Amino acid sequence: MSENVVHLHKPTDPPTPDTAPTVLTVVPDAPPARPVPLWVRSGRAIKSGVTHEKTRATIRAAARHSLYTFNGGRIVARRAWDGRTGSRYERMIRAAEAAGNLEAAEEWEERLQRFRAARHHRRMDLLHSPVEAAKGVAVGAGMSVGVLVALGVVMAINTGQVGDVITPLSATIDFIALLIRIVQVVWGPALTIGPFLALLALWSVGRKQHAAPAWALPANVRSNEGEPITPSIVVKALRDLGIAPLKNAIKEMGDAGASMLGPIRIAGCGVEVDVTLPSGVATDEVQKRRRKLAENLTRHEHEVFIMIPQAARTVRLWIADSGALDEPIGPSPLVTDETMTADYRKGKAPWGQDLRGDAATISLYQRHLLVTGLSNQGKTAALRALALWLALDRSVQFWIADLKGIGDWAMFEGIAQVLIEGPSDDHVIQATEMVENAVEEMNRRIEARRKDPTAVFPPLIVLVDEAQLAFMCPVVGEDKRPYGGSKATSRYFMAVRKIHNQGRAVDVLMWQGTQDPTDQNLPKLVREGAHTRASLVLGTESQARMALGDKAVDGGAAPHQLRQGLDKGTLVVASDGITIPAGQASITVRTHFIDDEPAAEVADRAKALRDGVATLRVVDQGEERDALADVASVIGDAPRLRTNEILKRLHALAPKVYGDQWTNDRLKALLEEHGEEPKKSNGVMVVHRDHVARALTNRDTDGSASVAE
């Protein structure tokens, strides 16, 4: 049997590959690690123990409760000092002087004088009080003894025992002795426990005031997230804004700046407070630091609004509860109340809620409207909500051009007399011609008003959504006039300007919705012609000024500080048709969102109030029209219509064709030509749908047609 030889040493001559033996390499063990010194291990243990979270929490708790007691004593001592001296009044005087409010300083000085006079009177009374007190004690003791003796006499007479005369007096003495014994028993423990009770009271005062450094306070108090707004928090936030005159003035105020603040009032989902700034601090300096102020108040920027009321050197702060503005506001009353109706002249449309949580309603009577903002922020929804409410007034007429063309306004078919949907240049041309037809209707009404000052016309809302496409349209007409632009030759621009100038007087109103405003897609003269201007979130302050005007922005309106994507449907509104708090130039409204299906239901209710409206989808006035077919079209599904209503609808359908020359006589002649004529119903001349259908049948049978030119 062969054995394998294992060589522990490498041979000098390397073996051949075939005869190479197996080699085992013996690796010596690593040397043992050096022991960690005791002082190092002790240091690590001490560091771990000191830096452990439980140790930190224990240290914070010990420091916190100790400082609660110490600072609670300071607070109680200061309160006692304020109660005994006039230091409180002197602080108020210094604060009023620092704020430049001399009237308040004089009032506090007068109060200080009254306090000193009353204190002097009390001290003078102390000179005579020992004698008066001694006399009072003597008289009281004598009367008490006399009463007790008299009571004893009565008892003695009743019992026949002479000893009962002193029984009440003896009982009183025994009771006094019992009280003395009780005091002797309790006095020792009271002296022992009393200091601890006093310290507990001081600790309670310090705890309520959070009288400890921020690092020692509990985590929920240190973060201060959602903590109610108090005067001290507001003053501290203002002091730390980085405005040197404001910080110095607060330091000089003896009351630490509290005199600057008005009462903190609950306002919806937040609070509101007026701040009177000290002399040398401008209101716009605070406005420019909105983000820093919000962070100082432990709020997000969108949760703090700074407004400028009428009072001089005053800013009004509205501070939302944490997270409150991210909560939905609920459905629109248009959806929840199926009995709701509208009144164009006297009613107000339910649009949403203001920041105070109150219902925000707006009057649309004789007011041109402009709604703008960035894309996909709720502009169409806000505009449509107003139109849906107004559609519930059956007297209101609508001409609508939706230049987005994705069905946002499709539910108005059967309500609007004109409905254009689409983003192409052809649709823009049709929208321009629609607005020009509205100008002609306005002129017709003005002429009728001249002839009859008492003439009343149904309101006509001319609505163009995505109006920036009309202003930016590059097409030039056959008359060499461009459809878009902002020059005097622009057809759309000039038509809108004419309605802005005169339409309000005869209830022809222009409503426009546009996005991302610039001087090119929203000319200055057009935006300033709107009575109600509303803006969703915008990108810059310059756009905010275009949307709302300089006055509103200078007064605190800030749609450019809303959050894109998060504040959808939140509008900043400048209008005399909506209730705005006194002294403010605008109001922020969180609008109700009405989705397509609920909007269609509201539109169906509006259609039920009307006698059937034939919606014209293409505006083309350059061709001859079939008058009898147009009459059948405007009657729609109504069984009959008054002749005056038919003439109005014909004019709305084609103002150039069915103008003033179309009268009741001409309509009657048209029907008589085909074997029918208007009939009276309840004393009013009406045209029956069935009669018009028969006239069409007769005409088709005869092969003749009436053409309106």
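In what follows, residues are counted from 1 in the order of the sequence shown. Since we're looking at a predicted model, the values are computed, not measured.
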Evaluate the criterion side-chain contact (heavy atoms from CB on, under 4.5 Å) for residue pair Thr570 and Val537; output intermediate values, then yes/no.
CA-CA 8 Å; Thr570 299; Val537 58; over 6 Å; no

Would you find a donor on one side and an acceptor on the other, under 3.5 Å apart, between the side chain of Asp337 and the backbone of Pro333?
no

I'd like to know if the side chain of Arg119 and the backbone of Thr85 have a donor-acceptor N/O pair within less than 3.5 Å.
no

Separation of Ile578 CD1 from Ser586 OG (nearest 0.5 Å)
10.5 Å

Heavy-atom side-chain contact between Arg299 and Glu295 under 4.5 Å
no

Nearest heavy-atom approach of Thr532 to Ser575 is OG1-OG, 2.7 Å

How far does OG of Ser232 sit from CZ of Arg239, to the nearest 0.5 angstrom?
10.0 Å

Selection residues 120-138 - residue pairs positive for salt bridge (charged side-chain N to carboxylate O under 4.0 Å, His left out), sequence neighbours left out
none

What I want to find out is whether Arg367 reaches Asp576 closely enough, with some N-O distance under 4.0 Å, to be called a salt bridge.
yes

Salt-bridge criterion met for Glu107 and Arg111 (N-O under 4.0 Å):
yes

Using 0.5 Å steps for rounding, measure from the CD1 atom of Ile587 to the CG atom of Leu571.
11.5 Å

Short side-chain to backbone donor-acceptor contact, Ser170 and Ile166, under 3.5 Å
no

Can I get a per-line list of side-chain donor-acceptor pairs under 3.5 Å for residues 341-349, giving both atom names and the distance, sequence neighbours left out?
from   : atom 1 : to     : atom 2 : distance (Å)
Asp343 : OD1    : Arg345 : N      : 3.1
Asp343 : OD1    : Lys346 : N      : 3.3
Tyr344 : OH     : Gln366 : N      : 3.0
Tyr344 : OH     : Asp507 : OD1    : 2.7
Arg345 : NH1    : Tyr365 : OH     : 3.1

Can you list the residues that meet the side chain to side chain donor-acceptor pair (under 3.5 Å) rule with Glu541, with sequence neighbours excluded?
Arg545

Take Ile233 and Val235 through the side-chain contact (heavy atoms from CB on, under 4.5 Å) test and state the conclusion after the steps.
CA-CA 6 Å; Ile233 291 176; Val235 172; over 6 Å; no

Would Arg316 count as a cation-pi partner of Phe305, with NZ or CZ less than 6.0 Å from the six-membered ring centre and within 45° of the ring normal?
no

Quick one: pull up CD1 in Ile319 and CG in Leu297 and give me the separation to the nearest 0.5 Å.
4.5 Å

Taken to the nearest 0.5 Å, the spacing of Ile75 CD1 from Phe70 CZ works out to 11.0 Å

Criterion ring-ring contact (aromatic ring centres under 6.0 Å, His included) on His65 and Trp203, from CA distance to verdict:
CA-CA 7 Å; His65 294 294; Trp203 174 86; 5.8 Å; yes

Test item: Val335 and Ile594 side chains (from C-beta on) under 4.5 Å apart, heavy atoms:
yes

Out of curiosity, Ile329 CD1 to Phe593 CZ, how far, rounded to the nearest 0.5 Å?
12.0 Å

